[in-house]
Amino acid sequence: MASMNLFTTIPLAADGRIPTIYFPRRRPNSVPVAATSPESPPEIELEFIGSKAESDGSYPVEKAKAISGEKLLRNIMLDNKIELYATYGKLMNCGGGGSCGTCIVEIIEGKDLLNERTNTEVRYLKKKPESWRLACQTIVGNKENSGKVSVAYLFLYEVYNGTLNDEDNYSM
């Protein structure tokens, strides 16, 4: 049969019916699942340490797990209903675009399980400690590693109003 395009007329069969055109069936290009995926993807355990000490002097700790390399730290916190923003940040955050700085966190442990600082973070946090990250720019894991990451969330007002002092020690 000659090549067809949208404007090619299909000749009618001798009895006036439209002829049936058969196309060869394509075989799916698939690889057996067992050959391509590991038994279970690597997981990162996350520990979120609150910024305000409780009456006994301990800091509140919330825990979550995430598949390595699949989510931003901001999304993990929001999905697990872990407080990321203070009042100002709740109203004025950029939605994860890296332009407001309201999602600053401090990485206490497991920095090697996170991506390198992005250009946005380098620009925004250039005079801040290396342990500070923007949660909206931080990818947890690299799809191959697993381990534990401890994060202290710093509310923007503590960072810029000077209420965050060097005496705050988030290590457990």
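All figures in this text were calculated on a predicted structure; none of them were measured in a lab.
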Note, N115 side chain near N142 side chain (heavy atom, < 4.5 Å): no
Given 3.5 Å as the limit, does a donor-acceptor pair link the side chain of Y124 with the main chain of C100, or not? yes
The salt bridge (Lys or Arg N to Asp or Glu O under 4.0 Å) partners of R117 (sequence neighbours excluded) come to E130
Co-members of the apolar cluster containing L72 [side chain, <4.5 Å]: I139
With the side chain counted from C-beta on, respond yes when E54 and P60 share a heavy-atom pair under 4.5 Å apart, and no when they do not. yes
Should L73 and F48 count as side-chain neighbours, where that means a heavy-atom distance under 4.5 Å? yes
Measuring only between side-chain heavy atoms, which start at C-beta, is L46 closer than 4.5 Å to V140? yes
To check you understand the geometry: which heavy-atom pair defines the closest contact between S68 and E144, and what is its length? OG-N, 3.9 Å
Check I44 against S146 and note the closest heavy-atom contact, atom names and distance. CD1-CA, 3.7 Å
Side chain to side chain contact (heavy atoms under 4.5 Å, CB included) involving C136 - partner list, sequence neighbours excluded: R74, C103, L134
Validation row: M77, Y153 side chains within 4.5 angstrom (heavy atoms): yes
Which residues pass the salt bridge (Lys or Arg N to Asp or Glu O under 4.0 Å) test with K143, sequence neighbours left out? none
D56: partners by side-chain hydrogen bond (donor to acceptor under 3.5 Å, both in side chains), with sequence neighbours left out: S58
Run the side-chain hydrogen bond (donor to acceptor under 3.5 Å, both in side chains) test against N80 and tell me which residues pass, sequence neighbours left out. none
With side chains defined as the heavy atoms from C-beta onward, is the minimum distance between I108 and V151 less than 4.5 Å? no
Among residues at least two apart in sequence or on other chains, which ones pass salt bridge (Lys or Arg N to Asp or Glu O under 4.0 Å) with E109? none
Looking at A64 and I82, what are the two nearest heavy atoms and their distance? CB-CD1, 4.5 Å
Taken in chain and number order and not counting sequence neighbours, the residues that satisfy side chain to side chain contact (heavy atoms under 4.5 Å, CB included) with K126 are none
When rounded to the nearest 0.5 angstrom, what distance separates CH2 in W132 from CD1 in I104? 6.0 Å
Sequence neighbours excluded, which residues qualify as side-chain hydrogen bond (donor to acceptor under 3.5 Å, both in side chains) partners of D79? K71
With a 4.5 Å heavy-atom cut-off, do L78 and I76 have their side chains touching? no
So which pairs with a foot in residues 131-140 pass salt bridge (Lys or Arg N to Asp or Glu O under 4.0 Å), sequence neighbours left out? E121-R133
What's the separation between atom OG1 in T138 and atom CG in L114, rounded to the nearest 0.5 Å? 6.5 Å
Do T102 and N93 have side-chain atoms, one donor and one acceptor, less than 3.5 Å apart? no
Drop me the distance from I49's CD1 to K63's NZ, to the nearest 0.5 angstrom. 9.5 Å
Note: K148-E45 ion pair, threshold 4.0 Å (strictly below): no
Suppose we screen for side-chain hydrogen bond (donor to acceptor under 3.5 Å, both in side chains). Which residues come up paired with S99, at least two apart in sequence or across chains? none
